[in-house]
Amino acid sequence: AGGEHDQPGGEVGAMAIGPLVLARALEQLRASRFADLKGARVSLSIPVSQRLLNELVTAAIPASAPVRELTVTPRGSNVLDVRARVSKLDFLPPIKVALEIEQQPRLPDTPLGLRLRSFPGLTAIAGSLLSPTALPRGVRLDGDRLFVDVRQLLEGAGYGDLVPLIDRLHVATDEGRLIVDIDARV
């Protein structure tokens, strides 16, 4: 009845690869610049939930940032609603801004571009509160536009070696999630 490749879940022939084995294999592939996968092509569509997106955003914000309680809510039509409190102005209600994806990133040099859709004067206030050192590395505010340098974010997270492999990166929104499409090749 039971063979050596039978798994507890009932699948015949399935092999379990533990997380440590997989992590070691990925480290070796990265160290070799993916030489063992030469010619491989991959297309991914990654729906990032609002919960995960907010965890990533929170982790990227420097402790010195003048904002706290930052929440990003993806909406349809490539719009992100952002809600934040200004640390030094606790008596004010949270600031709410809508960001519209306006420019897709083209690695390595063209950042993701977002336009602030808000009431007049908010960008001037935001600009005075958000000095370049207050924003995460790779994020820049220029007037009513926010630029996200994906290459710098990947490099800062230790994944700079993946940048040359990415042929296309497209960022969109759907209600409650950010959609990241990636075409890559080795």
Side-chain angles (χ1 to χ4, degrees), residues 5 7 9 11-62 70-82 98-117 132 135-142 144-186:
H5 297 292
Q7 297 296 312
E11 291 185 42
V12 176
M15 286 182 44
I17 298 177
L20 293 176
V21 172
L22 186 57
R24 191 171 28 251
L26 287 173
E27 285 176 28
Q28 290 171 349
L29 283 169
R30 286 181 69 192
S32 72
R33 302 186 57 96
F34 299 93
D36 290 334
L37 299 178
K38 190 80 172 158
R41 297 177 76 74
V42 65
S43 291
L44 300 169
S45 183
I46 306 168
V48 180
S49 70
Q50 179 176 329
R51 182 196 59 75
L52 179 57
L53 175 62
N54 281 298
E55 283 181 22
L56 295 170
V57 167
T58 299
I61 296 174
L70 183 69
T71 305
V72 180
T73 304
R75 301 284 181 216
S77 304
N78 292 330
V79 173
L80 298 160
D81 288 341
V82 178
L99 298 172
E100 182 176 7
I101 298 173
E102 181 177 86
Q103 169 183 296
Q104 290 298 325
R106 285 184 306 278
L107 295 174
D109 299 321
T110 303
L112 173 66
L114 303 127
R115 182 165 306 275
L116 279 73
R117 295 185 346 190
L135 294 170
R137 180 175 179 251
V139 178
R140 173 175 57 90
L141 184 63
D142 185 4
D144 66 345
R145 297 193 67 209
L146 184 71
F147 294 99
V148 179
D149 187 327
V150 177
R151 177 186 54 83
Q152 282 189 11
L153 292 180
L154 288 171
E155 287 173 350
Y159 297 105
D161 58 320
L162 301 180
V163 171
L165 306 177
I166 300 172
D167 287 333
R168 184 184 75 88
L169 178 63
H170 185 269
V171 181
T173 65
D174 197 2
E175 204 62 39
R177 61 191 188 156
L178 187 72
I179 311 294
V180 181
D181 292 330
I182 302 169
D183 292 333
R185 66 181 159 152
V186 179

Examine distances only and state if a side-chain atom of T58 and a backbone atom of E55 form a donor-acceptor pair shorter than 3.5 Å. no
Is the side chain of Q103 donor-acceptor paired with the backbone N or O of L114 at a distance under 3.5 Å, no angle test? no
Taking side chain as C-beta onward, heavy atoms only, is R168 less than 4.5 Å from D181? yes
List the steps and the verdict of side chain to side chain contact (heavy atoms under 4.5 Å, CB included) for I46 and V48. CA-CA 6 Å; I46 306 168; V48 180; 4.0 Å; yes
L153 and D149: CA distance, side-chain angles, deciding distance, side chain to side chain contact (heavy atoms under 4.5 Å, CB included) verdict: CA-CA 6 Å; L153 292 180; D149 187 327; 6.0 Å; no
Hey, is R115 close enough to E100 for a salt bridge, meaning N to O under 4.0 Å? no
May I ask you to decide if G138's main-chain N or O and Q152's side chain share a donor-acceptor pair within less than 3.5 Å? yes
One pair to check against side chain to side chain contact (heavy atoms under 4.5 Å, CB included): V42 and D183. What are the steps and the verdict? CA-CA 6 Å; V42 65; D183 292 333; over 6 Å; no
Spacing of CZ belonging to F34 relative to CD belonging to Q28, to within rounding of 0.5 Å: 12.0 Å
May I ask you to decide if P108's main-chain N or O and R151's side chain share a donor-acceptor pair within less than 3.5 Å? yes
Mind checking the CZ-CG spacing from R106 to L112? Nearest 0.5 Å is all I need. 11.5 Å
Under a 4.0 Å threshold between the charged nitrogen and the carboxylate oxygen, would R145 count as salt-bridged to D142? no
Can you check whether L116 reaches V82 side chain to side chain, under 4.5 Å on heavy atoms? no
Any side-chain heavy-atom pair of P111 and V148 under 4.5 Å: no
Check this for me: does any side-chain nitrogen of one of K38 and D36 sit under 4.0 Å from a carboxylate oxygen of the other? no
Within this structure, what is the CG-OG distance for the pair L37 and S32, rounded to the nearest 0.5 Å? 7.5 Å
So does V79 get a backbone contact from the side chain of T173, meaning a donor-acceptor N/O pair under 3.5 Å? yes
Could you state the interatomic distance from CD1 (I182) to CD1 (I166), rounded to the nearest 0.5 Å? 5.5 Å
Closest approach of D81 to R75 (non-hydrogen atoms, all atoms of both residues): OD2-NE, 2.9 Å
If I compare all heavy atoms of G113 with all of F147, which pair ends up nearest, and what's the gap? CA-CD2, 4.1 Å
Could you tell me whether the side chains of T71 and N54 share a donor-acceptor contact shorter than 3.5 Å? no
Is the shortest side-chain heavy-atom distance between P74 and E175 below 4.5 Å? no
Checking L178 against V171 for the side chain to side chain contact (heavy atoms under 4.5 Å, CB included) test, could you report, in this order, the C-alpha distance in whole Å, the side-chain angles of both residues, the deciding distance, and whether it holds? CA-CA 7 Å; L178 187 72; V171 181; 3.7 Å; yes
I179 side chain near S45 side chain, heavy-atom distance below 4.5 Å: yes
